[in-house]
Amino acid sequence: MTTYDFDTVVDRYGTYSTQWDYVQDRFGEAGLLPFTISDMDFKAPQGVSDVLTTAAKRGIFGYTRWNNPDFKSAITNWFASRYNVAVNPDAIVYSPSVIFSLAKLVEQWSRPGAAVFTFSPCYDAFINTVTSNERLLIQENIDHGVDWKHVEQVFATEHPSIFLLCNPHNPLGIAWSDADMRRVVALCNAYHVAIISDEIHMDVVRAGTKVNSLAAYFSELSVPVAVITSASKAFNIPALGVSYALIPNVLDREEFLKTLKQKNALSSVPYLGMLATIECYQHQGEWLNQLSAYIDANFSFMKQYLHNELNLEYQIPDATYLAWIDITPLGIPMHQLQQTMVTKEKVAIMDGRIYGNGGLNYLRYNLGAPRTKIEDGLERLARAVHSLQVNGGESNAQDSF
């Protein structure tokens, strides 16, 4: 069995990287060590590079059809082998990105002014996409767990058109249990609320964790439903521009495709992205297994470091490569910590407030990177904290991050 290398540091500068080359756009300074955007600092599997190199040498990059048996069977086989879920290949539709799918399904299943329900803190693109489409986003804070009775009260009083589920949850890293999923199904059926399940983080989970795709419950649902996902997070190929949705109802699916093709003129899939997706799903399962084990070890390292250096008791999440760190026990205002990290320690770690309700006093820290980078970032964080504690937290910093 091949042992894959996740320790080698790859220089990402000069690749137009959002996380590295353009960190100044969000943090006001260039040259920061970033733990921000949720892509990884690992190379994609070598098999992906090989497939793309072969295609590049062939030199054919014409219009390409996504509705073909190789693309669809790669997806159905992945769900069957990885999650024991049978997916009808007819349910599969291409989309250029998960958030594009989200935007179009929000338009399809709700009217302007309608309510969309989600758990928060949540991925900030959820907030921007829903509100920019003139819908009301209802955020249910789950930092301390889900109050299912309160969720039902919200459904009964606010009448949301859509339940937007992040499965597993970003940024909390919750892998929803079968019992949780059945609660979601029952509530949405009872109150006739459509469900969109963003499952892009489902492939990166802690050892022994079971995940439950909403696709396993399609037959139990009597409301509009879709799973939106991609190989891009797990295999670090978001720049290749391929995602897909699972939409079991034929009329819902035809309407989505009409929007894709007729309204938005998107009928051709990026050829290289489709090849990469097929390669990942068909041949790179073991690479993903080793990646997940490496990230598990990164979480264990961080947990011990935070305990030893900052006296923080951190709980490792079920899934994702994103840590959600509560800095409340440090007694340091977030704006002061951000200012010190950026201006003195030259490190960029996301302020949890951008993720909506429940994000106050949290940092979202990307662990999808070689251990040396993780250690470097934690040391910079610790130095920032210690310097503020020594100085009594005094700072003239403005809350601008």
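No side-chain donor from either of T209 and D318 sits under 3.5 Å from a side-chain acceptor of the other. Using modelled atom types, one finds no donor on one side chain facing an acceptor on the other under 3.5 Å when comparing D50 with T53. A donor-acceptor contact closer than 3.5 angstrom links the side chains of S177 and D180. D178 and Y217 share a side-chain donor-acceptor pair at under 3.5 Å. Of the N and O atoms on the side chains of R364 and Y355, at least one donor lies less than 3.5 Å from an acceptor on the other residue. There is a side-chain donor-acceptor pair under 3.5 Å between S95 and S101. In this model, a donor atom of one side chain and an acceptor atom of the other lie less than 3.5 Å apart for E199 and N167. Between the side chains of D41 and W20, a donor-acceptor pair is found at a separation under 3.5 Å.
Under the 6.0 Å cut-off for aromatic ring centres, Y244 and W66 do not qualify, their centroids lying 6.0 Å or more apart. For F256 and W109, the ring centers sit 6.0 Å or farther from each other.
A salt bridge between E107 and K104 is present, with a side-chain N of the basic residue lying under 4.0 Å from a carboxylate O of the acidic one. A salt bridge links R206 to D296: at least one charged side-chain nitrogen sits closer than 4.0 Å to a carboxylate oxygen. Salt bridge D351/R353: present, at least one basic N to carboxylate O contact under 4.0 Å.
Q290 places a side-chain N or O within 3.5 Å of a backbone atom of T2 that can act as its donor or acceptor partner. Between the side chain of R380 and the backbone N or O of E345, at least one donor-acceptor pair lies under 3.5 Å. Between the T320 side chain and the H201 main chain, no donor and acceptor come within less than 3.5 Å of each other. In this structure, the side chain of N366 does not engage the main chain of L322 through any donor-acceptor pair within 3.5 Å. In this structure, T64 contributes its side chain and G62 its backbone to a donor-acceptor pair below 3.5 Å. Here the side chain of D203 pairs no donor or acceptor atom with the backbone of A234 at under 3.5 angstrom. Although no hydrogens or angles enter the test, the distance criterion places a donor-acceptor pair under 3.5 Å between the side chain of K233 and the main chain of S38. Not a single donor-acceptor pair under 3.5 Å links the side chain of R82 to the backbone N or O of N77. In this structure, the side chain of K373 engages the main chain of P34 through a donor-acceptor pair within 3.5 Å. In terms of modelled atom types and a separation under 3.5 Å, the side chain of D198 and the main chain of L164 share no donor-acceptor contact.
The environment of E134 atom CD is sparse: at most 12 non-hydrogen atoms of other residues, nucleotides or ligands sit within 6.0 angstrom. Environment of NE2 in H386: crowded, with over 12 heavy atoms of neighbouring residues, nucleotides or ligands closer than 6.0 Å. Within a 6.0 Å sphere centred on CZ of R65, other residues, nucleotides and ligands contribute 12 heavy atoms or fewer. Dense packing is recorded around OH of Y13, with more than 12 heavy atoms of other residues, nucleotides or ligands lying under 6.0 Å away. For NZ of K258, the number of neighbouring non-hydrogen atoms (other residues, nucleotides, ligands) closer than 6.0 Å is 12 at most.
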Steps toward side-chain contact (heavy atoms from CB on, under 4.5 Å) verdict (I195, I162): CA-CA 6 Å; I195 312 177; I162 298 170; over 6 Å; no

Stepwise salt bridge (Lys or Arg N to Asp or Glu O under 4.0 Å) test for E220 and R182: CA-CA 9 Å; E220 301 174 29; R182 292 188 181 280; 2.9 Å; yes

Check against side-chain contact (heavy atoms from CB on, under 4.5 Å), D326 and L312: CA-CA 8 Å; D326 184 3; L312 290 177; over 6 Å; no

Stepwise side-chain contact (heavy atoms from CB on, under 4.5 Å) check, S120 with I142: CA-CA 6 Å; S120 68; I142 60 168; over 6 Å; no

Stepwise side-chain contact (heavy atoms from CB on, under 4.5 Å) check, M350 with Y365: CA-CA 7 Å; M350 294 302 293; Y365 189 105; over 6 Å; no

N189 and S222: CA distance, side-chain angles, deciding distance, side-chain hydrogen bond (donor to acceptor under 3.5 Å, both in side chains) verdict: CA-CA 6 Å; N189 280 342; S222 59; 3.0 Å; yes

Audit row: D39, R12, salt bridge (Lys or Arg N to Asp or Glu O under 4.0 Å) steps and yes/no: CA-CA 12 Å; D39 65 1; R12 294 186 62 189; 2.8 Å; yes

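Within the 4.5 Å cutoff, the side chain of I278 has heavy atoms near those of the D70 side chain. Proximity of F35 to I374: side-chain heavy atoms (C-beta onward) are separated by under 4.5 Å at one or more points. Proximity of L187 to V151: side-chain heavy atoms (C-beta onward) are separated by under 4.5 Å at one or more points. Taking 4.5 Å as the limit, some side-chain heavy atom of L137 sits within range of a side-chain heavy atom of I127. Side-chain contact check for M341 versus I349: some heavy-atom pair is nearer than 4.5 Å. In this structure the side chain of N311 never reaches within 4.5 angstrom of the side chain of P329, judged on heavy atoms. Using a 4.5 Å heavy-atom threshold, the side chains of L165 and I196 count as separate. For the pair E140 and V154, the minimum side-chain heavy-atom distance is below 4.5 Å.
When all heavy atoms of T129 and A125 are compared, the pair lying nearest together is OG1-O, 2.7 Å. Minimum interatomic distance between S243 and V98 (heavy atoms only, all atoms of both residues): OG-N, 3.4 Å. Closest approach of K261 and S267 over heavy atoms only: CG-CB, 4.2 Å. For the pair N357 and Q139, the tightest heavy-atom approach, listed with the atom from each and the gap, is N-OE1, 3.0 Å. A44 approaches W287 most closely through the heavy-atom pair C-CZ2, 4.3 Å. In terms of heavy-atom proximity, S161 sits nearest to S110 at CB-CB, 3.7 Å.
Note: H169 NE2 to W324 CH2 = 9.0 Å, rounded to the nearest 0.5 Å. Interatomic distance, OH of Y191 versus CD of E152, reported as 3.5 Å (0.5 Å rounding). Rounded to the nearest 0.5 Å, atoms CG (L330) and CG (L337) are 7.5 Å apart. In this structure, D7 CG and F42 CZ are separated by 8.0 Å, a value rounded to the nearest 0.5 Å. Distance check: F100 CZ to L266 CG gives 5.0 Å after rounding to the nearest 0.5 Å. Taking CD1 from I75 and OG1 from T229, the interatomic distance works out to 9.0 Å, rounded to the nearest 0.5 Å.
Using the six-membered ring where Trp is involved, Y281 and W78 have ring planes that are parallel, under 30° apart on the 30 and 60° scheme. In this structure, Y123 and F126 have perpendicular ring planes: the angle between them is above 60°, well past the 30° mark.
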